[in-house]
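What follows is a single structure, written as C-alpha cells, with notes after it.
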Amino acid sequence: MKTSNLDEYGLYLFHQGTNFHAYEMLGAHLAEQDGKKGVRFAVWAKNAKSVSVVGDFNGWDSRVHRMIRLDDGETWEIFIEGVKAGALYKYSIEPQWGGPHILKADPYGFYAEKKPATASRVYDLENYEWSDGEYMEAKTKEPSYSRPMLIYEVHAGSWQRKHKNEGDGKEGYLSYRELADKLIAYVKKMNYTHIEFMPLTEHPFDGSWGYQTTGYYAATSRYGEPDDFRYLVDMAHRNGIGVIMDWVPAHFPRDDFGLADFDGEPLYEHPDPRLGEHPDWGTKIFNYGKTEVKNFLIANVLYWAREFHVDGIRVDAVASMLYLDYGKKDGQWLPNEDGGNKNYEAIEFFKHLNSVVRGSYPSFLTIAEESTAWPKITGRVEDDGLGFSFKWNMGWMHDFCEYMKQDAYFRKGAHNLLTFAMSYNSAENYILPLSHDEVVHLKCSMVNKMPGYEVDKYANLRLGYTFMIGHEGKKLLFMGQEFGQEREWSEKRELDWFLLDREYNRGMQTYVKDLLEVYNKYPCLYRIDNDWAGFEWMNADDADRSVYSFVRRDETGKNNLLFVLNMTPMRWENYWVPVPSRKKFKLVLNSDDKRYGGNGNAVPEDVPAQVGECVFQKYHLVIDLAPYTALIFKF
C-alpha cells in the first residue's frame, strides 16, 4: 500500500522520459495518508483548466473531488479517503477553452469496466504470488536466437467458447483461468514452445481484434481480472510455455473516453493531423517526439514484463511508424527536416525502447511486424540498427503463400519463390509467420489456398508446413491452421473443432504435432537460424519436377536432417537426391503416412547413400518420391 504523495524526482524523470516505473506514480493506487486509507489518483493533463475524479463513490459528481495541480503545472493529484479496490472511476476534465467537462478513462488504469461500459476500476496489483521462478531463471541462460521457438498465435475470445453458435447473443468467452487449463494443455500437447496472444490490452470493439487499444495498462476485462491473466502466464511458464503479447504503439482510436484529445487538446497524439492521424484507419498517431508519451509507452512494455512476467511483445504495424507517408496521399503527410519520408522520432523511439527493455530484461523478446525492406530491424542499436530481437519475414510469407496456391502445373514457373528467402535470410533474425492476417478478408483458410481435390489440399498443406519447419527462422502458426480449419477465421465464433471428427483434419493435427516434435528434438532446426552454416541446398534448381532438397545442421555437425519435398501430384521413381556424405539416411517423418491422411506410400527406414556425383555432391540417395510428399531423414 502506497504511503507517499507524488515524488518530485519521479515527476522530473517522467518529463525527461526516463521514469520507467511511471505507472507506480500515475493512475489509481490504494494508499494511506495521515492514518486514513483510500486511493491516491494522479493524472498527466497539461492542457486542462481543472480535473476532478468522478466515480461510483461520489455519484459521478465533478464538484466533489477536485484534483490539485502540482508544481510541474501539468500533473494533477488527489487522495480520496474510503475508496476501495473495485471502485469505478474516470477523470472529469475541464478544457482550457471552456465548454462541457470531458470524461476520460485512466491512461494508467490497471483494470477496466467490462465492455460496453468504459470506466476504469481501482485494482490492487500487490496480491499475486508467482510460482514460475524456475522458468524465469532458465530462459535467461541461453540466447533466444539459439532456442526452439514454435509460436501458436491465439485470439483468446475465439479459440474455444462456452457457447458455440455464432450470433446466439451470448459471448461465452473462456476466462483467463479456463484458458490456463485448456489452452496450455493443448499447446503443450501439440509441442509448441510459445503462445502469442493478439492484443489483450483493453479495447472497446471486438471487431478490432484488440488492435485499437484504449487501456494500455489494463488486461481486458472480457476474460477476467488482471490477476487471472497473471495466473494464465504463471501456468504457461510452469508448463514450459512462453507468453508473447501483441502490442500496438502505432496508433490509438478516437473513442471519446480514451487517449484522443485527452485534456481537450492533443496530448498523446501529434497536434498536426498530417503527423497525428492515420486517414485510412481513422485513428490517432502517438507523438513520438514528446518525452512523456515515450515514457508512457516504454514504461508500458516494462510493466507487462515486470508485473505480468510476459516474455515478449510483437510490435504491430512497425512500418506505419517508420514512414511518415505510410498509407497517406500527397498533402496528408509532412516530410522530415531533410525532406524525406523517414520518421526520425519513431526511429529514435524504437532504439530507445529496445535499449531500455534489453538493459532491464536481457531475455525479453521484442518482435517487429515490419512489412518493408527497412535495414537492420534486428541490428544492434550501436550499429544504427533498431534493436529488435526478431522480425516477421513478411517476404517469405507472401512468396510461400503465392507458391503454394499455384496449380502444380505452374509451380515450375514459380520455383524461385521458395528459394529466394534464403538469399537474404542472414539480413535479420527472422520469424516465419502464417498469422491471422493470412486467413481473413477473403484470403481463404490455409488449407483452401491449396490447389486440387480435398485429398490434395491436405497433402499440400502437410508439405508446406514441412518446408516451413525445415527453413531457417523461428515459426508461427495461427490457431486452427494446425488441424486444417477450412473456413476463414472470425472473431465472432470459436474455431471449427468439429472438423476433428474427419480423417483429414485429425491426420493434419497429428502430423503437425509430430512435425513440431521433430523440430524440438533436433537442434539443427533451431540452433543456427540466420546463417548458411545451418542450411545447405542439396538441389534448389529442379524446377521441372518441382522438387526441393536441403540439409539443416547445427554447430556440432551431429544429427543433421535432410528434407526432400515433391511439390507435384507426380510420382518420381528412382529419384536421385544429392547428399553430402556416404552415410545411411534414416527416415524420421513421411507426410504421406496413412495416419496423417496420406496415401501410405512406403519409404525404406534406412536409405544408404551411393557414390556418384549429383548436383555438386559426391553422393546421392535413390528413392521413389510419392505425389505431394515431404520426407525428413536424419544422418
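Residue indices begin at 1 and follow the sequence shown. Only this structure's heavy atoms are used, side chains among them; waters, hydrogens and symmetry mates stay out.
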Notebook entry, point to check: Can you tell me if Asn191 and Glu517 form a side-chain donor-acceptor pair at under 3.5 Å?
Noted result: no
Next item on the list: Assess the pair Phe110 and His29: is the distance between their ring centroids shorter than 6.0 Å?
Entry: yes
Check: Is there side-chain contact between Arg177 and Met235, with at least one heavy-atom pair below 4.5 Å?
Finding: no
Next item on the list: Assess whether atom CD of Glu142 is packed by more than 12 heavy atoms of other residues, nucleotides or ligands within 6.0 Å.
Entry: yes
Item checked: Nearest heavy atoms of Thr140 and Ser363, plus distance in Å -> CG2-OG, 3.9 Å
Notebook entry, point to check: Is the shortest side-chain N to carboxylate O distance from Lys391 to Glu370 below 4.0 Å?
Noted result: yes
Next item on the list: With Ile184 as reference, evaluate Leu179, Val243, Asn239 under the side chain to side chain contact (heavy atoms under 4.5 Å, CB included) test and give the passing residue.
Entry: Asn239
Check: For the rings on Phe286 and Phe252, is their centre-to-centre separation under 6.0 Å?
Finding: yes
Checklist line | Arg40 to Phe79, cation-pi by 6.0 Å centre distance and 45° axis angle | finding: no
Next item on the list: Measure the acute angle between the ring planes of Phe483 and Trp497, then classify it against the limits of 30° and 60° as parallel, tilted or perpendicular.
Entry: tilted
Next item on the list: Give me the ring orientation class for His65 and Phe57: parallel if the planes are under 30° apart, tilted from 30 to 60°, perpendicular past 60°.
Entry: tilted
Check: Looking at the rings of Trp209 and His155, which for Trp means the six-membered one, are their centres under 6.0 Å apart?
Finding: no
Notebook entry, point to check: Do the two ring centres, one from Tyr430 and one from Phe390, sit under 6.0 Å apart?
Noted result: no
Check: Is Asp496 salt-bridged to Arg487, going by a charged N under 4.0 Å from an acidic O?
Finding: yes
Check: In Å, rounded to the nearest 0.5 Å, how long is the span from NZ of Lys513 to CD of Gln509?
Finding: 9.5 Å
Check: Do side-chain atoms of Arg595 reach the backbone of Tyr511 as a donor and acceptor pair under 3.5 angstrom?
Finding: no
Checklist line | Min side-chain heavy-atom separation Ile431-Lys475 under 4.5 Å | finding: no
Notebook entry, point to check: Closest heavy-atom contact between Pro107 and Tyr91?
Noted result: CD-CE1, 4.5 Å
Next item on the list: Answer yes when Glu202 and Arg222 have at least one side-chain N-carboxylate O distance shorter than 4.0 Å, and no when they do not.
Entry: yes
Next item on the list: Examine Trp44 together with Phe14 and report whether their ring centres are nearer than 6.0 Å.
Entry: yes
Margin query: Donor-acceptor pair, distance only, cut-off 3.5 Å: does the side chain of Arg230 make one with the backbone of Glu225?
Written below: no
Next item on the list: May I ask you to say whether Glu486 pairs ionically with Arg502, meaning some side-chain N is under 4.0 Å from a carboxylate O?
Entry: yes
Checklist line | Ring centers of Phe308, Tyr303 separated by less than 6.0 Å | finding: yes
Notebook entry, point to check: Which word best sums up how the rings of Phe229 and Tyr176 line up, parallel for under 30°, tilted for 30 to 60°, or perpendicular for over 60°?
Noted result: tilted
Margin query: Can you confirm if the NZ or CZ of Arg314 lies within 45° of the ring axis of Trp247 and under 6.0 Å from the centre of its six-membered ring?
Written below: no
Margin query: I'd like to check Leu30 versus Lys37 (side-chain heavy atoms, cut-off strictly below 4.5 Å). Are they in contact?
Written below: no
Check: What about His436 and Tyr211, are their ring centers closer than 6.0 Å?
Finding: yes
Notebook entry, point to check: For Pro253 and Thr213, which heavy atoms make the closest approach, and how far apart are they?
Noted result: CD-O, 3.0 Å
Item checked: is_close_aromatic(Tyr108, Tyr23), centroid dist under 6.0 Å -> no
Next item on the list: Check the angle between the aromatic planes of Tyr128 and Trp130 and answer parallel, tilted or perpendicular using the 30° and 60° thresholds.
Entry: perpendicular
Checklist line | Gln481 vs Val439 side-chain heavy atoms within contact, under 4.5 Å | finding: yes
Check: Just wondering, do Leu26 and Thr75 contact through their side chains at under 4.5 Å, heavy atoms?
Finding: yes
Item checked: Side-chain donor or acceptor of Lys474 paired with backbone N/O of Tyr526 under 3.5 Å -> yes
Notebook entry, point to check: Does CZ in Arg238 sit with more than 12 non-hydrogen atoms of other residues, nucleotides or ligands closer than 6.0 Å?
Noted result: no
Next item on the list: Measure from the ring center of Phe350 to the ring center of Phe388 and say whether it is less than 6.0 Å.
Entry: yes
Next item on the list: Tell me whether the centres of the aromatic rings in Trp489 and Phe478 are closer together than 6.0 Å.
Entry: yes
Margin query: For the aromatic rings, using the six-membered ring if either is Trp, is the centroid distance between Tyr123 and Tyr217 under 6.0 Å?
Written below: no
Next item on the list: For the residue pair Tyr223 and Tyr173, categorise the inter-ring angle as parallel (less than 30°), tilted (30 to 60°) or perpendicular (more than 60°).
Entry: perpendicular
Next item on the list: Run the salt-bridge test on Asp437 and Lys443 with the 4.0 Å N-O cut-off and return the result as yes or no.
Entry: no
Margin query: Would you say Asp234 and Ser131 are linked by a side-chain donor-acceptor pair, where the criterion is simply a distance under 3.5 Å?
Written below: yes
